[in-house]
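Encoded as structure tokens, the structure appears first; notes follow it.
Computed from a predicted structure; not experimentally measured.
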Amino acid sequence: MTLLVEQERNDALLAWYRVERRSFPWRGESDPYKVLVSEVMLQQTQASRVIPFYERFTARFPSAADLASADLKDVLALWTGLGYNSRALRLRETARIVTRDGWPTTPVGLVELPGIGPYTAAAVASFAFGEQVATVDTNLRRVLSRWHGESLSGPTLHSVAADDLGHPAADWNQAMMDLGATRCLPRNPDCTRCPVAQWCVGPDSYRPPTPQGRFEGSARQLRGAVVRSLVGGEATGREIAGHTGFPVKDVERALADLSDEGLVSDDGTGTYRIAE
DNA sequence: TTCCGGATCA
DNA sequence: TGATCAGGAA
């Protein structure tokens, strides 16, 4: 791929983005705390669903210091419905660290924080600190795989993303995610309305990730119900089983796991509550 | 590789 | 019903 082609493709992408970009409350945000809140909420969660959670959460906890000193129960009360509750616990841990030590501004520094992996580190670095790095998420993986005609993953994917990166990176990243979410769809890509179709091999090379197991009847469903119950107030395993309808044995198992993970605490008498 | 939530949409 | 989702950690 010649440099000229990459330039023309990125020019067309960014021109499209200026007109067709989606509007979100975190778009254009440069406060690293608010960027981080949005990015953690967006992990494995559709952007449209995050909007009301982001608005409520940032209103209640406007700064990292506010979140750092919050009770986990209050945090989870605003998280319930988003899913993956450990994200909230790790987000508060990171808030405590940056309140004490300040913010790393590079991906290498950010990725050391709890709950921040390669994607979120790149996102905060790009959107809050202006670092010229690619935010390699599921959208970029799909779009880049189709551009180049091979299913990209791992180090190869990141290398290709760095090569193709346009500038400013914050705009390019968000343009790529918008393209993936509104044109370059997993199942029904709308190539006729794609601004960069003439520089793209085509949609066939993309391979979807391995699908998740059933949610109904899963441990995840049970765990979610247990946390939701304890956000409402402390309770015994039997009580939780009673009003969630899950077997006591399974509830006890979930409580033990959630305790190990730091989401739940046990006073030793069989009564459980959200950890502090 | 597998597990971690749960709402949305085809 | 199933697929998808601005991923991360063990």
Side-chain angles (χ1 to χ4, degrees), chain A residues 17 21-27 29 34-54 76 78-91 93-94 107 110-128 133-144 153-154 157-158 161 169-182 184-190 206-229 231 244 253-254 257-258 260-264:
Chain A
Y17 175 68
R21 66 182 168 191
R22 296 176 295 169
S23 177
F24 294 117
W26 51 86
R27 277 279 162 91
E29 181 60 63
K34 290 184 179 175
V35 172
L36 179 63
V37 170
S38 71
E39 294 301 339
V40 171
M41 287 183 169
L42 286 161
Q43 290 168 6
Q44 287 292 285
T45 310
Q46 279 91 345
S48 59
R49 273 185 56 208
V50 167
I51 296 173
F53 289 89
Y54 173 83
L76 288 177
L78 291 185
W79 204 270
T80 300
L82 263 184
Y84 291 147
N85 295 305
S86 290
R87 291 188 295 178
L89 176 61
R90 297 192 179 113
L91 181 60
E93 290 172 11
T94 283
L110 287 160
V111 80
E112 296 302 319
L113 296 167
I116 300 188
Y119 164 76
T120 304
V124 174
S126 169
F127 302 142
V133 293
T135 53
V136 182
D137 73 331
T138 187
N139 291 297
L140 267 79
R141 188 179 83 78
R142 186 171 60 253
V143 172
L144 292 173
S153 66
L157 170 60
H158 285 264
D171 287 344
W172 187 85
N173 286 326
Q174 291 180 342
M176 289 290 276
M177 292 192 270
D178 281 9
L179 188 71
T182 67
C184 198
L185 305 175
R187 292 307 192 88
N188 297 311
D190 190 356
Y206 169 68
R207 304 277 172 255
T210 59
Q212 285 189 338
R214 260 187 137 58
F215 179 67
E216 279 298 317
S218 69
R220 286 180 5 249
Q221 183 183 35
L222 194 165
R223 289 165 50 100
V226 168
V227 169
R228 201 177 292 228
S229 175
V231 166
T244 61
R253 175 75 260 169
D257 291 343
L258 290 165
D260 289 343
E261 295 164 28
L263 283 163
V264 165

Q: Start with the C-alpha distance between A:Arg21 and A:Asp178, add both sets of side-chain angles, then the distance that settles salt bridge (charged side-chain N to carboxylate O under 4.0 Å, His left out), and finish with yes or no.
A: CA-CA 7 Å; A:Arg21 66 182 168 191; A:Asp178 281 9; over 6 Å; no

(Q) Say we look at B:dC3 and C:dA6: how far apart would their P atoms be, to the nearest angstrom? (A) 23 Å

Q. Does a donor on one side chain and an acceptor on the other come within less than 3.5 Å for A:Gln212 and A:Arg220?
A. yes

Q | Atom-pair distance (CD on A:Glu216; C1' on B:dA7), nearest Å | A | 12 Å

Q) Could you give the CG-to-C1' distance, from A:Leu76 to B:dG5, as a whole number of Å? A) 13 Å

(Q) Distance check, C1' atoms only: C:dA10 and B:dG6, in whole angstrom units. (A) 22 Å

Q | Nearest-Å distance once atom P is located in both C:dG8 and B:dA7 | A | 23 Å

**Q.** Annotated protein contacts, base or backbone, on nucleotides 2-10 of chain C with a non-hydrogen cut-off under 4.0 Å, one of B, S, - each
**A.** SSBBBBSS-

Q: Between A:Ser218 and A:Asn188, name the one whose nearest nucleotide on DNA chain B is closer to the 5' end.
A: A:Ser218

Q) Quick one: A:Gln221 CD to B:dA7 P, roughly how many Å, whole number? A) 10 Å

May I have the list of side-chain donor-acceptor pairs in residues 111-120 of chain A shorter than 3.5 Å, sequence neighbours left out?
| unit_1 | atom_1 | unit_2 | atom_2 | d |
| --- | --- | --- | --- | --- |
| A:Tyr119 | OH | A:Glu39 | OE1 | 2.6 |
| A:Thr120 | OG1 | A:Gln43 | NE2 | 3.0 |

Q. Considering residues at least two apart in sequence or located in another chain, which fulfil the side-chain hydrogen bond (donor to acceptor under 3.5 Å, both in side chains) criterion with A:Gln174?
A. A:Tyr17, A:Arg27

Q) Should A:Asn85 be listed as having a side-chain N or O under 4.0 Å from OP1 or OP2 of B:dG5? A) yes

(Q) Could you tell me how far B:dC4 sits from C:dC5 if I compare only their C1' atoms? Round to whole Å. (A) 14 Å

Q | Atom-pair distance (CZ on A:Phe215; P on B:dT8), nearest Å | A | 13 Å

